[in-house]
Engineer: 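Structure provided below as structure tokens; questions to follow.
Throughout, protein chains are lettered first and strands after them, A, B, ... in sequence-line order, and every chain is numbered starting at 1.
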Protein chains: 2
Amino acid sequence: MPFRELSQIQELNRLFLKNLEHCILATEPRGLYEPIEYILAIGGKRVRPLLALLAARMFGDGAESPAGLPVALAVEVFHNFTLLHDDVMDDSPLRRGQPTVHEKWDVNTAILSGDLMLIKSYDLLTRLPFPERLPELMKTFNRVATGVCEGQQYDVDFERRNDVTIEEYLKMIELKTAVLLGGALEMGALAAGADRADADHLYAFGRLTGLAFQLHDDLLDTFGDGARTGKLTGNDIIRNKKTFLYIKAVEGLAPAEREEMIEWFSHSPEDPAPKVARVTELMRLRDIPKLVSEMRDNFQTEAYAHLDAVKGDPVWKENLRVVADTLLRRDN
Amino acid sequence: MPFRELSQIQELNRLFLKNLEHCILATEPRGLYEPIEYILAIGGKRVRPLLALLAARMFGDGAESPAGLPVALAVEVFHNFTLLHDDVMDDSPLRRGQPTVHEKWDVNTAILSGDLMLIKSYDLLTRLPFPERLPELMKTFNRVATGVCEGQQYDVDFERRNDVTIEEYLKMIELKTAVLLGGALEMGALAAGADRADADHLYAFGRLTGLAFQLHDDLLDTFGDGARTGKLTGNDIIRNKKTFLYIKAVEGLAPAEREEMIEWFSHSPEDPAPKVARVTELMRLRDIPKLVSEMRDNFQTEAYAHLDAVKGDPVWKENLRVVADTLLRRDN
């Protein structure tokens with residue numbers, strides 16, 4: 001990453017973290033606010049707030065990010081609310097290597113403090129110094145938040161189905177992850193006074209980057225180099241997770257191989273190595289690495305075309321491109 | 001209830017119900033929207049939306065309630081979201097005589113569709129025909145919604161404590177029930193263009209009416225005539241619910257009786273009749289019916305003083321008084 005971009009991005013990230021710490025002022029009752037402080041403190045990449053801040057800067061938001069900051073905080077608190085409730089629904093024991101809220105406290109605490117985080121995300125949005133821009137921002141926020149809930153429901157529905165199509169699956173990951181990336185950019189730009197056309201281009205840039213990122217992430221899980229990614233290769237296969245790769249493979253395989261694939265995904269053998277090896281082989285047979293990386297690259301190209309079309313400060317446009325490139329790095 | 005008021009109130013209620021039916025337009029995925037339609041359809045008294053509509057009419061809102069309706073819908077959807085999540089947290093099997101959402105579907109469905117209802121309540125608020133009033137409305141909505149969550153947490157905390165003071169208990173019921181009644185009125189008035197002073201008086205009127213109603217409800221549960229209330233008298237005592245009556249009695253009893261009271265509230269005997277009889281006797285000994293009904297009447301008097309101070313259309317002010325009177329009817 002070039003030095004100028006790196007330092008500007010780090011500066012925005014520091015500004016965000018400094019403000020995140022104090023963004024929720026009330027502290028009583030402790031049983032409600034302590035879990036919120038906990039989940040907001042345990043980290044994450046803070047990509048969404050960074051996108052919001054960069055989009056606002058692109059349209060002249062000042063050095064202290066007066067317009068971008070309320071959006072960045074709202075988006076990050078909203079994102080953490082979804083993680084908190086998703087962890088309850090999936091009964092996940094860990095989040096970012098730490099005990100989840102429902103494990104550290106209990107399910108009721110996780111439900112109620114999650115609810116309050118959702119309310120606080122709207123509350124943060126209203127700190128915008130230009131109240132006349134709030135109605136437009138609210139529409140985007142509501143549209144995006146609704147999409148995220150719908151995406152979560154489709155994800156649950158799809159786990160029980162064996163006939164999910166590629167189109168349905170793409171729609172699900174779009175709602176579940178891509179729209180919030182797009183929404184962070186759209187809202188950051190609108191908060192700083194961007195027009196509708198630029199806000200739409202930035203939304204599309206974020207949405208398509210999100211889709212590219214999801215396919216990239218799925219590819220790395222199965223075909224990545226574990227030594228470079230730092231993750232267990234084949235984890236999705238071991239967990240019978242029906243990713244884009246699986247659905248695309250099942251869709252295109254000959255009947256016998258398709259049956260075999262479905263069969264592998266209905267068991268969890270004690271030694272997963274032969275399963276991972278054979279499923280990976282079947283995917284290669286169907287040319288999945290090439291097909292999916294081409295789709296990813298198409299999304300990425302389309303995303304950058306939208307970014308190019310935005311009429312914003314080229315310095316901050318370049319920073320945004322650097323962040324997107326980082327998300328899609330081959331060894332990410 | 002006088003005929004004119006009755007017919008005007010019924011007309012508003014019809015208008016509200018007609019609009020409630022179609023207020024959430026999306027229908028897919030069904031697993032997410034079906035529970036929302038279900039809980040919104042199973043009824044309730046619809047007091048909060050009525051308060052919002054009446055407050056808006058008082059400041060000249062038109063016959064179709066263009067300003068009051070988005071607030072009324074937002075408040076009712078928000079209220080039902082709290083019921084949905086509260087039922088999960090309390091593991092209640094029934095709501096208004098029907099199976100709760102987590103019973104009819106499952107806990108995850110109840111969490112996620114509740115989350116979406118909270119988002120939809122903000123979405124409904126943005127349908128206000130005067131977007132310039134939205135920032136002010138949002139502030140009230142966020143303040144009230146935060147209070148409701150805090151009230152719920154205090155309620156949970158207090159169940160585990162034996163040293164809850166009267167002040168703490170009043171604060172809890174204020175947050176848990178009274179602020180939303182006040183908020184419905186404040187937001188209805190603001191949506192129709194009322195000034196801050198009138199909005200504040202209406203909030204105070206709703207908050208104090210809510211406190212009076214809660215004390216009234218607690219009194220009827222223990223000292224009401226079951227034949228007139230249609231409820232089992234002594235239900236709170238049987239369930240060891242530490243209501244205002246209990247805390248006030250424990251606070252004022254002599255040591256021996258206080259010990260006895262605490263003892264009664266730590267068991268659930270198979271035949272509850274002797275327990276109900278003795279606890280009621282101890283409460284009468286402490287003069288609870290008189291003390292609490294005086295407090296209720298003081299709240300009510302204070303509430304009406306705030307209503308009197310409002311500069312609004314007297315016809316609709318009178319309607320609002322009629323609704324409050326109905327809530328506090330002695331055989332309610």
Engineer: Under a 4.5 Å cut-off applied to non-hydrogen side-chain atoms, are B/Val156 and A/Thr109 in contact?
Structural biologist: no
Engineer: Looking at every non-hydrogen atom in both residues, tell me the closest pair between A/Pro135 and B/Pro131 and how far apart they are.
Structural biologist: CG-O, 3.5 Å
Engineer: Side-chain contact, heavy-atom cut-off 4.5 Å: A/Gln153 with B/Leu112?
Structural biologist: yes
Engineer: Indicate the atoms forming the closest heavy-atom contact of B/Leu118 with A/Asp115, along with that distance.
Structural biologist: CD2-O, 3.8 Å
Engineer: By a 4.5 Å heavy-atom criterion (distance strictly below it), what part of B/Phe81 contacts chain A: side chain, backbone, both, or neither?
Structural biologist: side chain
Engineer: Tabulate below the donor-acceptor pairs under 3.5 Å that side-chain atoms of residues 19-26 of chain B make, not counting sequence neighbours, or state none.
Structural biologist:
residue : atom : partner : partner atom : Å
B/Asn19 : ND2  : B/Leu15 : O            : 2.9

Engineer: Under 4.5 Å between any side-chain heavy atoms of B/Tyr154 and A/Leu32, yes or no?
Structural biologist: no
Engineer: Any residues in residues 142-151 of chain B near chain A, with a heavy-atom distance under 4.5 Å, and which are they?
Structural biologist: B/Asn142, B/Ala145, B/Thr146, B/Cys149, B/Glu150
Engineer: Taking every non-hydrogen pair under 4.5 Å, which of A/Leu134, A/Val107, A/Val88, A/Asp123 racks up the most with chain B?
Structural biologist: A/Asp123
Engineer: Can you tell me which of B/Thr82, B/Leu116, B/Asp86 forms the most heavy-atom pairs within a distance under 4.5 Å of chain A?
Structural biologist: B/Leu116
Engineer: Applying a criterion of heavy atom separation less than 4.5 Å, what residues of residues 159-185 of chain B form contacts with chain A?
Structural biologist: B/Arg160
Engineer: Can you name the nearest heavy-atom pair linking A/Met89 to B/Asn108, along with the distance?
Structural biologist: O-ND2, 2.9 Å
Engineer: May I ask you to check whether over 12 heavy atoms, not counting those of A/Lys139, lie within 6.0 Å of atom NZ?
Structural biologist: no
Engineer: If you apply the rule side-chain contact (heavy atoms from CB on, under 4.5 Å), what do you find for A/Ile119 with B/Phe141, and how did you get there?
Structural biologist: CA-CA 9 Å; A/Ile119 292 162; B/Phe141 198 80; over 6 Å; no
Engineer: Between A/Asp157 and chain B, which part of the residue has a heavy atom less than 4.5 Å away: side chain, backbone, both or neither?
Structural biologist: side chain
Engineer: Please state whether the side chain, the backbone, both or neither of B/Glu132 comes within less than 4.5 Å of a heavy atom of chain A.
Structural biologist: neither
Engineer: Please state whether the side chain, the backbone, both or neither of B/Glu136 comes within less than 4.5 Å of a heavy atom of chain A.
Structural biologist: neither
Engineer: Going by ring-ring contact (aromatic ring centres under 6.0 Å, His included), name the residues that satisfy it together with A/Tyr33, two or more places apart in sequence or in a different chain.
Structural biologist: none
Engineer: Using non-hydrogen atoms only, which part of B/Asp106 is less than 4.5 Å away from chain A: side chain, backbone, both, or neither?
Structural biologist: side chain
